[in-house]
Each structure stands twice: as C-alpha cells, then as structure tokens.
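Some notes on the structure that comes next.
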Amino acid sequence: MIRRLLGGNLRLQLTVFFGLMFFLAATAVLAVALILVHHSMQFSLEQHYPAVVTQDRDPVQVHGYVVIDGASRQIILDSMDDNLMVKGGLTVLAVGVVATTLGWLVAGRLLRPLKCITSTTERIAGRTLHRRIDLDEPPGEVKRLADSFDSMLDRLDAAFAGQDRFIANAAHELKTPLAVGRTLVEVAMARPDAPPEIARLGENLLAVNGRHERLIDSLLTLARAESATTDRAPVDLADIARTVVGQIHHQAQEKGLDLDTELPAAPATGDPVLLEQLVRNLVENAIKYNTPGGWVRVRTETTAEGSRITVSNTGVVVAPHEVPMLFEPFRRLTDRVGSARGSGLGLSIVRAVARVHDGDADAQARPQGGLDVNATLPTRPTPGRNRTGHREQRAR
C-alpha cells in the first residue's frame, strides 16, 4: 500500500521505511522506559515514603521517614509520567527527523551505483552498443548486476554485428545474380538477329528482374532501418520533402496528378539517408496508389509531439479496419495483391524508420478515398528511449 502511494521512487521508499522503522522502535523504547521508570519510582516511594492513612495533607515524619498519603503519591507518579511522556516524545520526534534525513542521504549513497547503471544504460540505448557500464564498486550484488549487464551487451553487440554483416553479404549475394541476369537479357535483346519474340520475352524478363531488384532493395532498407544505431544529425523534414518532391514530381505529372506542397520548417534529428527514404516512400506510395486526375498533398508542421510530415492523397476507399494492415510487411489491400506497383514494404519501412528515430507513423482513411499518412519525429533525441528495442524484438 505504501509503495503504491510513493510510486516507483526507490530512494523515497527506503527513506520512508527507514523513518517508520525508527519511529516504531523509538516509540517502543519510550513505552518500555515509561513502564520501567513508573515501576521504579513507585518502588522508591514505597521504600522511602511509606503511605499512611492521615487527615493531614502535609507530609509527616514517623520514625525518621516522611509519610505521604496515597493521593499525593499518585499525583507524583502521574506528574512524572506526563513529564517523561512529553519530553521523551519531543526527543523521539527531533531525533526521528534527524534520522530520516540521514536515511535519505544514506539511501542516496546506497543507490548511487544503480543511478550510474541507469544513466549509462540510457546512453548505451540512445547511441551505441559499444559502451559498457564498467562499474567501479567492490564485489557485491550491484557489481554482479552491472557485470551481468555488460556481458549481455557483449552478446547483443556481437549478434547485431553479425546481423549487419549478414545484411551486407545478402545485398551482394542477392543483387549480383540479378544484375548478371539483367545484363544477359539486355545483350540478347540487342542482337541484330534477335526475333521479335525474344524482344518481347526480354522486356517481360527485365520487368520481372526490376521488380525483384526493387523488392530486395526494400527488404534491405527495412532491415537496415530496424537495425540502425547510427549517430544522428540535425535535419529539416521540409528540406528533405522539397528534395524528394523535386526528384519524383515527373511521376505525378505522368499520371495527371496535382502535387501540392506546404513545407514550413520542421526541424528533427536523425539519419538523413533513412529520413529521405521515409519521405520518398510516403510520396511514391501516394502517387502509385492514386486515381487518375487525383491529387497528392505533402505538408510539414511542428507540433507538441515533434516535427510531423503528412502525405495525403486521393484513391480507393479504404475501410478503417484495413488501415493497420498497410504497415505490416507484405500486407496489401485486395486491390494491391499481385500488383507490380509495389512490394508491400513501403509503409513498413516508413514505420521502422520513424520508430528507430523515437517517433512513429500512422494513417487515417479518408471518407472520399485515399489516406492521410503521418510520420512524427521528436525535435530532439529522446533521453533514455531504447532505440535498439526494435532490433532486439526482431532478433528474438
């Protein structure tokens, strides 16, 4: 009950428990002292001041002893108990305040290694897996905890390094045969004596080859986004959006789409290459999955959550319950299944890139058709956010 009231502050909990234990112990000591002093005083009065029944209220002497009546003796005992209770209680209160303050300081000293572990862990999670806690403390429970965490980081670092090597090797092994196949097809099509059937077959093979290349590029981009731990640099989503729109504006013109932009400054912090891929996927998806004569709008803004880029487009009507499917790898709507326009990884890459930058991506279906897709990124790096968490979850 007390822990729920105090929340998760371990130092405050220890201080309160130390204080309560002291006050309970001091109250018990004071109560025992009252009982002992009361009985000792009563014994002394009986030995040196025997009680007699007398009408005289003033003490008298009998055989050299001062004689006190029973009522006076009770008054003396009550006065002594009250005096000891008040002064002892004030003493317990004063010493308890001092003890609680010392408990706060001692708890802070005891928890200092844990604070060091926490701060180092936040820096590791926020930047790189190459740092270690390396706690300089005597052997004990906290030292073993820090060493165990360092050992876990060693294993994670090795595992993710192996994953990065695998991605690099996969990129080479998968793309090289496709490039060779494309070259052979192009050479066969370029032969002067090639019949028309070979030319048509070559065009189909090149289209399939290009689709496979785009699929592999998307898979590798998704893998790199989910395993990214690169250092971040200040960027402006508006500048990235202008660059991307300028490069693919012709695609919108070829489909007869109206491409409109509203790009005020939207500062963020991240990997410029990954963020450009995020914006490119948003705009390309809005163009690919649109209707003739439709429009695409690209907007940037700064909100309380961070900098946001929103890409809206016309298109087919999407049911609200189908929107979450679009962010899953290889998940498309029924009208997109089997389509050569995309691999079903565009929005998956968008969300992976946003989350590795401590942000997120979501979408809302437009009642008239199409989507509003938002990607929000923090203006500054978020302390303590585990940017490697998506990697760890994927590794498991």
Side-chain angles (χ1 to χ4, degrees), residues 199-219 221-222 237-264 266 275-301 308-351 353-354 361-375:
R200 289 194 296 270
L201 177 61
E203 292 176 355
N204 293 332
L205 291 176
L206 288 177
V208 173
N209 189 283
R211 175 174 171 78
H212 289 167
E213 287 182 343
R214 291 192 299 271
L215 175 60
I216 292 174
D217 288 337
S218 298
L219 285 172
T221 301
L222 179 61
L237 292 180
D239 290 341
I240 295 176
R242 291 191 191 95
T243 301
V244 171
V245 169
Q247 293 174 351
I248 63 177
H249 187 272
H250 64 281
Q251 298 181 15
Q253 291 179 336
E254 291 174 358
K255 295 191 64 173
L257 303 177
D258 181 18
L259 182 56
D260 183 35
T261 60
E262 183 180 348
L263 304 174
L275 293 181
E276 181 178 349
Q277 187 66 46
L278 179 151
V279 176
R280 183 179 301 276
N281 282 11
L282 288 177
V283 179
E284 285 183 347
N285 274 9
I287 294 175
K288 289 178 183 178
Y289 307 111
N290 213 313
T291 54
W295 50 262
V296 176
R297 294 173 185 167
V298 183
R299 304 191 308 274
T300 57
E301 59 181 334
R308 176 181 299 168
I309 180 168
T310 301
V311 179
S312 306
N313 68 294
T314 53
V316 298
V317 177
V318 181
H321 70 272
E322 295 178 318
V323 172
M325 294 172 46
L326 303 179
F327 290 93
E328 297 295 330
F330 304 108
R331 297 292 296 274
R332 310 180 185 90
L333 297 177
T334 54
D335 65 297
R336 300 186 184 186
V337 174
S339 172
R341 291 180 291 177
S343 59
L345 292 173
L347 293 183
S348 300
I349 294 174
V350 169
R351 175 166 284 179
V353 172
D362 57 24
Q364 296 82 36
R366 298 176 55 83
Q368 300 82 7
L371 295 172
D372 293 327
V373 184
N374 308 295

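What you see below is based on every heavy atom in this structure, not just the backbone, and it leaves out hydrogens, waters and symmetry mates. Predicted model, so just to flag it, every value in this text is computed and none were measured.
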Heavy atoms, side chains only, cut-off 4.5 Å: are [X] and [Y] in contact?
X: Val353; Y: Leu275; answer: yes
X: Gln253; Y: Leu259; answer: no
X: Asn285; Y: Leu371; answer: no
X: Thr314; Y: Gln368; answer: no
X: Thr243; Y: Gln247; answer: yes
X: Asp239; Y: Arg242; answer: yes

Can you measure from [atom1] ([X]) to [atom2] ([Y]) and round to the nearest 0.5 angstrom?
X: Lys255; Y: Lys288; atom1: NZ; atom2: NZ; value: 10.0 Å
X: Ile349; Y: Asn281; atom1: CD1; atom2: CG; value: 5.0 Å
X: Arg280; Y: Ile248; atom1: CZ; atom2: CD1; value: 6.0 Å
X: Thr310; Y: Arg297; atom1: OG1; atom2: CZ; value: 12.5 Å
X: Glu254; Y: Ile287; atom1: CD; atom2: CD1; value: 9.5 Å
X: Asp362; Y: Leu326; atom1: CG; atom2: CG; value: 12.0 Å

Smallest separation among heavy atoms of [X] and [Y], with atom names:
X: Ala361; Y: Ala354; value: N-CB, 4.2 Å
X: Leu282; Y: Val373; value: CD2-CG1, 3.4 Å
X: Val323; Y: Ala365; value: CG2-CB, 3.9 Å
X: Ala238; Y: Thr300; value: CB-OG1, 3.9 Å
X: Phe327; Y: Ser348; value: O-OG, 3.1 Å
X: Ala241; Y: Ile309; value: CB-CD1, 4.1 Å

